[in-house]
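Structure, as structure tokens:
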Amino acid sequence: MVATLDKTDVKLACPTCGQVNRVPVAKLSAGPKCGTCGEPLMSGKVAELDPKGLKALSTKDDLPVLVDFWAPWCGPCRMMAPEFAKAAQDLKGRARFAKINTEDHPTVSMKNGIRGIPALILYQGGKEVARIAGARPARDIVAFVEQNGKMPA
């Protein structure tokens with residue numbers, strides 16, 4: 001059973017500028033944009049994060065945010081990337097997907113206790129709610145988010 005988010009508005013942090021935006025649940029799939037910088041908030045694409053963007057999304061969002069901790073030299077990470085993108089599209093308007101390059105940002109790995117990659121961490125409501133390791137097909141990624149996150153109906 002999928003847990004639902006019982007709100008009329010949700011807070012979404014912009015992955016680009018970090019500004020928190022309040023968006024009506026009914027408008028999530030309509031492609032809302034950040035009120036400050038104009039960047040898309042719910043594009044159905046995977047956002048590329050830096051540590052500042054990771055902190056904003058992981059601590060301020062009401063929706064589930066699934067973050068892929070990866071590196072360019074990692075074969076399983078590269079194999080999973082299209083599946084992760086497909087899962088992001090499948091859950092557009094219900095969850096947000098992002099990735100952070102652990103080679104470019106090694107302190108993020110240490111701070112989040114990443115011991116192997118790819119590692120997926122699901123954040124919601126300012127905290128980590130679940131994590132899994134290893135490359136996964138899109139259907140498993142979607143199921144993981146649906147089982148562990150609270151999404152709009």
Between Ala13 and Gly18, the two heavy atoms sitting closest are CB-O, 4.4 Å
The side chain to side chain contact (heavy atoms under 4.5 Å, CB included) partner of Phe69 among Asn101, Leu54, Leu120 is Leu54
Can you confirm whether more than 12 heavy atoms, excluding those of Lys55, are under 6.0 Å from its NZ atom?
no
| Heavy-atom donor-acceptor pair, Arg96 side chain to Gly93 backbone, under 3.5 Å | no
| task | Could you walk me through whether Lys27 and Met42 pass the side chain to side chain contact (heavy atoms under 4.5 Å, CB included) test, one step at a time? | result | CA-CA 10 Å; Lys27 304 252 181 192; Met42 296 290 296; over 6 Å; no
- Query: Any chain of hydrophobic side-chain contacts (each under 4.5 Å) joining Val65 to Ile100?
  - Reply: yes
One should read off an interatomic distance between Asn21 CG and Lys11 NZ, to the nearest 0.5 angstrom, of 12.0 Å
Heavy-atom closest pair (Asp9 atom, Pro24 atom, distance to 0.1 Å) is OD1-CA, 3.2 Å
Between Leu63 and Leu28, is the side chain to side chain contact (heavy atoms under 4.5 Å, CB included) condition met? List the steps.
CA-CA 10 Å; Leu63 291 184; Leu28 288 174; 4.0 Å; yes
task = Give a yes or no on whether the backbone of Gly126 and the side-chain of Thr59 come within a donor-acceptor separation of less than 3.5 Å.
result = no
In short, Pro51 meets Val108 closest at the heavy-atom pair CG-CG2, 3.7 Å
dist Leu57:CG -> Leu66:CG (nearest 0.5 Å) comes out at 11.5 Å
Separation between CG (Leu49) and CG (Asp104), nearest 0.5 Å, reads 12.5 Å
Are Glu39 and Lys33 close enough for a salt bridge, meaning some N to O gap below 4.0 Å? no
Pro72 and Glu103 have their tightest heavy-atom pair at CD-CB, 4.3 Å
Linking I/L/V/M/F/W/Y whenever any side-chain heavy atoms sit under 4.5 Å apart, do Val46 and Phe144 land together? yes
>> For residues Val67 and Met110: do they belong to one hydrophobic cluster (side chain heavy atoms under 4.5 Å, members Ile, Leu, Val, Met, Phe, Trp, Tyr)?
In response: no
* Kindly determine whether Glu146 and Leu91 satisfy side chain to side chain contact (heavy atoms under 4.5 Å, CB included), including the steps that lead there. => CA-CA 9 Å; Glu146 288 178 339; Leu91 291 175; 4.0 Å; yes
Pair Lys86-Val142, side chain to side chain contact (heavy atoms under 4.5 Å, CB included): steps then yes or no
CA-CA 9 Å; Lys86 184 177 184 295; Val142 169; over 6 Å; no
Note, Lys45 side chain near Pro40 side chain (heavy atom, < 4.5 Å) = no
Closest non-hydrogen contact found for Pro76 with Ala135 is O-CB, 3.8 Å
Between the CD atom in Gln124 and the CE atom in Met151, the distance rounded to the nearest 0.5 Å is 8.5 Å
Tightest non-hydrogen contact, residues Cys37 and Cys17, listed as SG-SG, 3.9 Å
Problem set entry | Co-membership, hydrophobic cluster, residues Val10 and Leu41, 4.5 Å side-chain | yes
message = Whether the side chain of Asp50 engages the backbone of Lys52 through a donor-acceptor N/O pair (distance < 3.5 Å, no angle test) should be reported.
response = yes
CD1 (Ile117) and CE (Met80) are apart, to the nearest 0.5 Å, by 10.0 Å
Across all chains, not counting sequence neighbours, the side chain to side chain donor-acceptor pair (under 3.5 Å) partners of Asp90 are none
In this structure, CD1 of Ile141 is separated from CD1 of Ile132 (nearest 0.5 Å) by 7.0 Å
For Tyr123, the ring pair (Phe, Tyr, Trp, His ring centres under 6.0 Å) test, sequence neighbours excluded, returns none
